[in-house]
Amino acid sequence: MSLTSNESTPTLLNDYTFKTDLLTIMSDTAPETNDKLKHHAKAILQEVRSTMTSIYPYGVSTYRLLDAMIDGSEQAGLSTGVHYAAAAILVAYQKGEASNSSASELTKLAHDWFFFLLWPFKKTFRPSYSPQSEFSTPTPQSHASKVIVDTVPAASQNSHFLDLLTRREGDKCAVTGALNTFNAPHPRTHREAQLNGAHILPRSIVQEHPEGNRIAGTIDIIKHFTNLPLSIIDDMSRMIDDPSNGMLLEQTLRYASDCYMCCLDSTDVLDKYKIHWFRSIPSNLEDFTEVQFKDHSQTGIPPPNPMFIVLRSAISHILNLSGASEAIDKQGRVPS
């Protein structure tokens with residue numbers, strides 16, 4: 001199944017009236033407004049919970065996803081995400097009040113966030129496969145969908161990107177300090193592993209089906225969700241392979257990150273983060289609870305952008321709180 005260019009645009013988030021009302025509410029950024037919006041949105045969700053449907057055909061609860069957009073953003077420390085999510089829920093509800101269709105409008109909102117925010121982050125997929133919404137018409141495929149994860153061995157990655165990460169981290173895993181197996185032998189007392197260059201914001205958010213139009217919708221959501229500078233938003237494709245969007249990780253940790261089994265949560269210390277696990281911690285990683293990024297090259301290679309990390313953290317929390325992570329994985333499996 002795939003989405004055509006006309007169908008691969010947000011259903012509600014592209015509505016002119018909705019966008020205008022949303023930006024009006026979001027213009028009030030006072031802290032007390034954020035708190036009021038959150039409580040109002042939560043009350044709305046409780047009110048219409050029993051009348052909202054799941055996201056077809058993925059079975060993700062609309063209520064859980066909308067609620068997770070608020071809670072996941074808050075747990076990651078992304079206040080702009082809380083503000084945006086709560087405001088969007090309020091506007092969707094108000095849009096449907098006149099026609100007694102608030103639950104339907106909220107379901108559309110959940111669909112947009114699922115297809116244009118969560119799906120692109122969770123899956124790096126080949127152009128032959130795109131998610132299918134109940135608001136679009138299925139297009140037959142002549143072959144099984146091929147899904148790939150955003151995990152590429154270090155030796156095969158963008159050489160400049162990998163070189164900068166390797167130099168910045170001193171050819172060690174940023175979290176465990178494991179030395180690069182490819183540069184062995186190392187002293188037996190040292191941990192060593194195959195190292196991968198990991199993108200914080202995955203390449204899949206700026207890649208799509210050649211006939212699609214998803215990227216514009218995804219970038220627009222990210223813009224309001226994070227309040228990232230326009231200089232970054234307008235040049236997201238270039239930023240993907242910037243060292244500020246990368247970490248050098250050993251393979252096990254890289255895989256866990258790609259699968260959203262863990263994320264980095266911010267601390268009060270610059271460039272220092274706590275490792276948050278959503279699954280049981282692998283036995284060989286139990287001793288590693290935080291990471292402090294440093295430029296070991298001392299040549300000015302930038303550390304990971306804190307806003308990229310907090311966005312990744314928010315998406316990780318939302319995916320796991322909503323059940324969307326497992327649902328997307330199930331749909332992405334190639335039939336045997």
*Asks:* For side-chain contact (heavy atoms from CB on, under 4.5 Å), just list the numbers for His296 and Arg168, CA-CA rounded to whole Å, side-chain angles, deciding distance to a tenth of an Å, and then say yes or no.
*Replies:* CA-CA 5 Å; His296 293 276; Arg168 188 185 70 197; over 6 Å; no
*Asks:* Locate the shortest heavy-atom distance separating Asp112 from Leu13; write the atom from each residue and the value.
*Replies:*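 Answer, listing the atom of Asp112 first, then Leu13: OD2-N, 2.9 Å.
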*Asks:* Is Asp15 salt-bridged to Lys108, cutoff N-O under 4.0 Å?
*Replies:*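 So Asp15 does not pair with Lys108 through a salt bridge.
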*Asks:* For the residue pair Ile55 and Ala110, what are the closest heavy atoms and their distance?
*Replies:*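 That closest heavy-atom pairing would be CD1-O, 3.8 Å.
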*Asks:* Is it true that Asp220 and Lys223 have a side-chain N and a carboxylate O under 4.0 angstrom from each other?
*Replies:*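 Between Lys223 and Asp220 there is a salt bridge, with a charged N closer than 4.0 Å to a carboxylate O.
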*Asks:* Using only heavy-atom distances, determine whether the side chains of Ser313 and Asp265 contain a donor-acceptor pair under 3.5 Å.
*Replies:*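 There is such a pair between these side chains.
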*Asks:* Mind checking whether Arg312 and Pro202 have side chains closer than 4.5 Å, heavy atoms only?
*Replies:*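 Side-chain contact under 4.5 Å: yes.
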*Asks:* Check whether Met261 and Leu321 end up in the same hydrophobic cluster, where Ile, Leu, Val, Met, Phe, Trp and Tyr are linked by side-chain heavy atoms less than 4.5 Å apart.
*Replies:*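 No.
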*Asks:* Below 30° counts as parallel, above 60° as perpendicular, anything between as tilted: where do the rings of His199 and Phe161 land?
*Replies:*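 Parallel: the ring planes of His199 and Phe161 meet at under 30°.
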*Asks:* Look at the side-chain heavy atoms of Ile, Leu, Val, Met, Phe, Trp and Tyr, link any pair under 4.5 Å apart, and say whether Phe278 and Val291 land in one connected group.
*Replies:*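 Phe278 does not cluster with Val291.
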*Asks:* Same hydrophobic cluster for Met247 and Trp277, using side-chain heavy-atom links shorter than 4.5 Å among ILVMFWY?
*Replies:*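 Yes, it is one cluster - the side chains of Met247 and Trp277 are joined through contacts under 4.5 Å.
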*Asks:* Would you say that Pro303 contacts Lys294 through its side chain, given a criterion of any heavy-atom pair below 4.5 Å between the two side chains?
*Replies:*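 Side chain of Pro303 against side chain of Lys294, heavy atoms only: no contact under 4.5 Å found.
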*Asks:* Could you see if Phe293 belongs to whatever hydrophobic cluster contains Ile301? Use Ile, Leu, Val, Met, Phe, Trp, Tyr and a side-chain cutoff under 4.5 Å.
*Replies:*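 The answer is no; the residues belong to distinct hydrophobic clusters.
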*Asks:* Can Gln292 and Tyr273 be counted as having a side-chain donor-acceptor contact under 3.5 angstrom?
*Replies:*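 No donor-acceptor contact under 3.5 Å links the two side chains.
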*Asks:* Should Glu250 and Arg191 count as an ion pair when the cut-off is N to O under 4.0 Å?
*Replies:*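 Salt bridge flag = yes for Arg191 with Glu250.
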*Asks:* Is there a side-chain contact between Phe121 and Leu117, using heavy atoms and a 4.5 Å cut-off?
*Replies:*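 Counting from C-beta outward, Phe121 and Leu117 do come under 4.5 Å.
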*Asks:* Do the side chains of Leu179 and Asp171 get nearer than 4.5 Å, heavy atoms only?
*Replies:*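 Sidechains of Leu179 and Asp171: no contact.
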*Asks:* Please tell me whether Leu23 and Leu228 are part of a single hydrophobic cluster in this structure, the criterion being side-chain heavy atoms less than 4.5 Å apart.
*Replies:*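 They do not share one cluster, since no chain of ILVMFWY contacts under 4.5 Å joins Leu23 to Leu228.
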*Asks:* Backbone N or O of Asn305 within a donor-acceptor pair of the Ser244 side chain at under 3.5 Å?
*Replies:*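 Pair absent, no side-chain N/O of Ser244 close to backbone of Asn305.
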*Asks:* Quick one: pull up CG in Asp28 and CG in Leu37 and give me the separation to the nearest 0.5 Å.
*Replies:*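 One finds 8.0 Å between CG of Asp28 and CG of Leu37.
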*Asks:* With heavy-atom distances below 4.5 Å as the criterion, would you say the side chains of Lys123 and Ile328 are in contact?
*Replies:*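 Yes - at least one pair of side-chain heavy atoms lies under 4.5 Å apart.
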*Asks:* Drop me the distance from Leu253's CG to Cys262's SG, to the nearest 0.5 angstrom.
*Replies:*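 It comes to 5.5 Å.
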*Asks:* Within the 4.5 Å heavy-atom criterion, are Ile70 and Ile89 side-chain neighbours or not?
*Replies:*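 In short, these two side chains touch, coming nearer than 4.5 Å.
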*Asks:* With a 3.5 Å distance limit and no angle check, can you tell me whether Asn196 reaches the backbone of Leu249 through a side-chain donor-acceptor pair?
*Replies:*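 A pair under 3.5 Å: no.
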*Asks:* Do Ser102 and Glu97 have a side chain donor and acceptor closer than 3.5 Å?
*Replies:*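 Side chains of Ser102 and Glu97: no pair found under 3.5 Å.
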*Asks:* Can we say Asp295 and Arg167 salt-bridge, meaning some charged N sits less than 4.0 Å from an Asp/Glu carboxylate O?
*Replies:*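 Here Asp295 does not pair with Arg167 in a salt bridge, since their nearest N and O are not under 4.0 Å apart.
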*Asks:* Do you know the tightest heavy-atom contact between Arg214 and Phe115?
*Replies:*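 In this case the closest contact between Arg214 and Phe115 is CD-O, 4.1 Å.
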*Asks:* Assign the ring pair Phe114 / Tyr58 to parallel, tilted or perpendicular, where the plane angle (0 to 90°) is split at 30° and 60°.
*Replies:*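 The arrangement is tilted - the two ring planes meet at 30° to 60°.
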*Asks:* Could you go through Glu32 and Lys36, starting from their C-alpha distance and side-chain angles, then the distance that decides it, and tell me whether this counts as salt bridge (Lys or Arg N to Asp or Glu O under 4.0 Å)?
*Replies:* CA-CA 6 Å; Glu32 59 271 19; Lys36 289 179 181 178; over 6 Å; no
*Asks:* Identify the two heavy atoms, one from Ile200 and one from Gly246, that lie closest to each other, and give their separation to 0.1 Å.
*Replies:*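 Heavy atoms of Ile200 and Gly246 come nearest at CD1-N, 3.9 Å.
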*Asks:* If we only count heavy atoms from C-beta on, is the Val82 to Asp35 side-chain gap below 4.5 Å?
*Replies:*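 Answer no - side chains too far apart.
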*Asks:* Is the closest side-chain heavy-atom distance between Ile318 and Asp71 below 4.5 Å?
*Replies:*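 Sidechains of Asp71 and Ile318: no contact.
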*Asks:* Any idea which heavy atoms bring Lys42 and Asp67 closest together, and the distance?
*Replies:*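 Result for this residue pair: NZ-OD1, 2.7 Å.
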*Asks:* Please lay out, stage by stage, how Leu109 and Thr11 fare under the test side-chain contact (heavy atoms from CB on, under 4.5 Å).
*Replies:* CA-CA 8 Å; Leu109 177 62; Thr11 303; over 6 Å; no
*Asks:* Give a yes or no on whether the ring-centroid distance for His276 and His317 is below 6.0 angstrom.
*Replies:*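 Yes: the rings meet the under 6.0 Å criterion.
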*Asks:* Nearest heavy-atom pair of Ile25 and Ala87: which atoms, and what distance?
*Replies:*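 Closest pair (atom of Ile25, atom of Ala87, distance): CG2-CB, 3.8 Å.
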*Asks:* Quick check: are there more than 12 heavy atoms from other residues, nucleotides or ligands sitting under 6.0 Å from CD of Gln298?
*Replies:*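 It does not: Gln298 CD has 12 such atoms or fewer within range.
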*Asks:* Inspect the contact between Asp21 and Lys95 and indicate whether a charged nitrogen and a carboxylate oxygen are less than 4.0 angstrom apart.
*Replies:*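 Between Asp21 and Lys95 there is no salt bridge, as every charged N stays at least 4.0 Å from the carboxylate O atoms.
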